[in-house]
Amino acid sequence: MTILVTGAAGFIGSNFVLDWFEQNDEHIVSLDKLTYAGNLENLQPLENNENHIFVRGDIADEKLITSILNEYQPRAIINFAAESHVDRSIHGPKDFITTNIVGTYTLLEMVRNYWYNLDGQPKKKFKFLHVSTDEVYGSLDSNDPPFSETNAYAPSSPYSASKAASDHLIRAWHETYGLPVITTNCSNNYGPYHFPEKLIPLCILNALNGELLPIYGDGLQVRDWLYVKDHCTAIRLVLEEARIGETYNIGGRNEKANIDVVRALCSILDELQPKKDGSKYATQITYVKDRPGHDKRYAIDATKLESELGWMPQETFESGIRKTVEWYLSHQDWVSRVQSGEYQRWIDKQYQ
Ligand code: NAD
Ligand code: DAU
């Protein structure tokens, strides 16, 4: 048996594939275009694993997708592939439309054709799991109840609008063609291999390099943080046990204001790697221009996943954030290789 995982060299995709092989040895074919965010080094621990195959390619490449499906006959597909960074989508939405919408559409069409031609048990058991985000629901006020699966979509950024569009396509391919799909909408992940354009890894690395820690606006925007391994566990569970055609919200019940997240990082760094001059990392915090269309608050009601499938996150924010800081401190080689690439050019464009 084989599953096809797209976007497998990115942050969550690589954590998922590594976690998968810690649990079982069912084959994975990893597909990734290796954009600036895809890093094959993340999958290096699997270099000698015969059950893992990596293919470089685009989910929008019809021929490639068809040949992968025909050759490896996957029993399921998990689609992580996407452009994922909100700020990049504001500077240049085109790649987001191309991958998140057209790419998902192409993948759906190729998979529909493959699934249609399957027979018996493989056809009956086939599943397409689409990994999406809580950002499709838009922004909450401080007293609003958390997002549930029945909230209307109200995306604010080109990124979230493109993900919302992809979710609609997934739903339509189920309703219209009967394709067996499941969608998950997860909150903010953090943990190992997180690309340092996103708040948590950016601030850890800036802190260590003696640079400023940029907080957009007043820093009071709230996100619900989930340790990436807990997201991976949820996806495995959803893949095996969730009801076809359903959507499931995934979140850590860890609502934090951005400024508090950065302060927490600073105090762990103060403890684990105190600054030589005796000053505190928090002195590097600086308030910068706000993100246009910045969503004020995300919060997830994960009751459906918890009650139907018995999922519970293992990490608290405190334990997960400490593990994350420790990971970055002990993976300086990974960090310096990432920082020597495209990442640097992006940082210049965004923060100068
Ligand atoms: P990421 O940017 O780290 O990784 C995305 C991966 O997709 C990269 O390896 C990239 O090379 C690959 N990719 C991009 N375009 C591709 C294409 N056309 N064909 C094939 N591969 C392509 O993103 P991530 O944070 O790992 O997010 C993975 C998925 O989870 C995304 O769909 C994202 O919307 C969703 N998600 C992310 C979070 C989060 O907090 N990071 C939360 C909820 C949902
Ligand atoms: O909610 C799920 C989403 O979480 C995913 O769908 C996205 O793919 C993922 O990137 C993430 O989106 P965010 O925009 O919430 O993540 P980011 O790390 O970019 O920002 C987190 C918060 O921190 C957000 O309110 C913006 C703020 N921020 C971010 C950066 C990069 C800052 O204040 N300063 C910064 O430099």
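Ligands are counted one by one from 1 in listed order, and the atoms in each one are counted from 1 as well. All values below were derived from every heavy atom in this structure, side-chain atoms included, with hydrogens, water molecules and symmetry-related copies excluded.
Residue Tyr298 approaches ligand 2 through these ligand atoms, each under 4.0 Å from one of its heavy atoms: 1 (O). Of all atoms in ligand 2, numbered sequentially from 1 with element shown, those under 4.0 Å from a heavy atom of Glu197 are 31 (C). Taking every heavy atom of Thr133 and a limit of under 4.0 angstrom, the matching atoms of ligand 2 come to 1 (O), 2 (C), 3 (C), 5 (C), 6 (O). The distance from ligand 2 to the heavy atoms of Asp134 drops below 4.0 Å at these ligand atoms: 1 (O), 2 (C). Near His294, meaning under 4.0 Å from any of its heavy atoms, are these atoms of ligand 2: 24 (C), 25 (O), 26 (C). Every atom of ligand 2 with a heavy atom of His85 under 4.0 Å away is listed here by number and element: 19 (O). The ligand atoms of ligand 2 that sit less than 4.0 angstrom from a heavy atom of Pro214 are 32 (C), 33 (O), 34 (N), 35 (C), 36 (O). Heavy-atom contacts of Ile215 reach the following atoms of ligand 2: 33 (O) (cutoff under 4.0 Å).
Cluster membership check: Ile68 does not share its hydrophobic cluster with Met1, using side-chain heavy-atom separations under 4.5 Å among Ile, Leu, Val, Met, Phe, Trp and Tyr.
A donor atom on one side chain and an acceptor atom on the other are found under 3.5 Å apart for Ser156 and Asp295. Counting only N and O atoms by type, the side chains of Asp167 and Asn185 include a donor and acceptor under 3.5 Å apart. A donor and an acceptor atom, one from each side chain of Tyr298 and Glu255, are nowhere located under 3.5 Å apart. Using modelled atom types and a 3.5 Å distance limit, the side chains of Asn189 and Trp225 yield no donor-acceptor pair. Tyr227 and Gln314 share no donor-acceptor pair across their side chains, judged by distance under 3.5 Å alone. Looking at Tyr190 and Arg223, their side chains never bring a donor and an acceptor atom within 3.5 Å of each other.
Surrounding OH of Tyr116 are at most 12 heavy atoms belonging to other residues, nucleotides or ligands under 6.0 Å away.
Contact check on Arg88 versus Glu197 returns a salt bridge, with a Lys/Arg side-chain nitrogen under 4.0 Å from an Asp/Glu carboxylate oxygen. With respect to Lys323 and Glu326, no salt bridge is recorded, no charged nitrogen being found less than 4.0 Å from a carboxylate O.
Using a 4.0 Å cut-off between heavy atoms, Val86 contacts ligand 2 through its side chain alone, with no backbone atom that close. By the criterion of a heavy-atom distance under 4.0 Å, neither the backbone nor the side chain of Asn189 is placed next to ligand 2. Residue-level proximity to ligand 2 for Glu135 is carried by the side chain, the only part with a heavy atom below 4.0 angstrom.
Under the rule for a ring-ring contact (aromatic ring centres under 6.0 Å, His included), the partners of Phe147 that lie at least two apart in sequence or sit in another chain are Tyr137. Asp58 pairs by the salt bridge (charged side-chain N to carboxylate O under 4.0 Å, His left out) definition with Lys33, not counting sequence neighbours.
For atom 32 (C) of ligand 2, the nearest non-hydrogen atom from the set Tyr216, Phe11, Trp225 comes from Tyr216. For atom 5 (C) of ligand 2, the nearest non-hydrogen atom from the set Tyr159, Tyr190, Tyr287 comes from Tyr159. Which of Asn188, Leu199, Leu212, Leu202 comes nearest to atom 16 (O) of ligand 2 through a heavy atom is settled by distance: it is Asn188. One option in Arg88, His194, Arg223, Arg291 has a heavy atom closer to atom 14 (O) of ligand 2 than any other, and that option is Arg291.
Near ligand 1, residues Gly7, Ala9, Gly10, Phe11, Ile12, Asp32, Lys33, Leu34, Thr35, Ala37, Gly38, Gly57, Asp58, Ile59, Phe80, Ala81, Ala82, Ser84, Thr99, Val131, Ser132, Thr133, Tyr159, Lys163, Cys186, Ser187, Asn188, Asn189 each place a heavy atom inside the 4.0 Å sphere around the ligand atoms.
Legend: side-chain hydrogen bond (donor to acceptor under 3.5 Å, both in side chains) pairs involving residues 72-84, not counting sequence neighbours, sorted by first then second residue: Thr6-Asn79, Glu26-Arg75, Arg75-Glu240, Asn79-His130, Ser84-Lys198.
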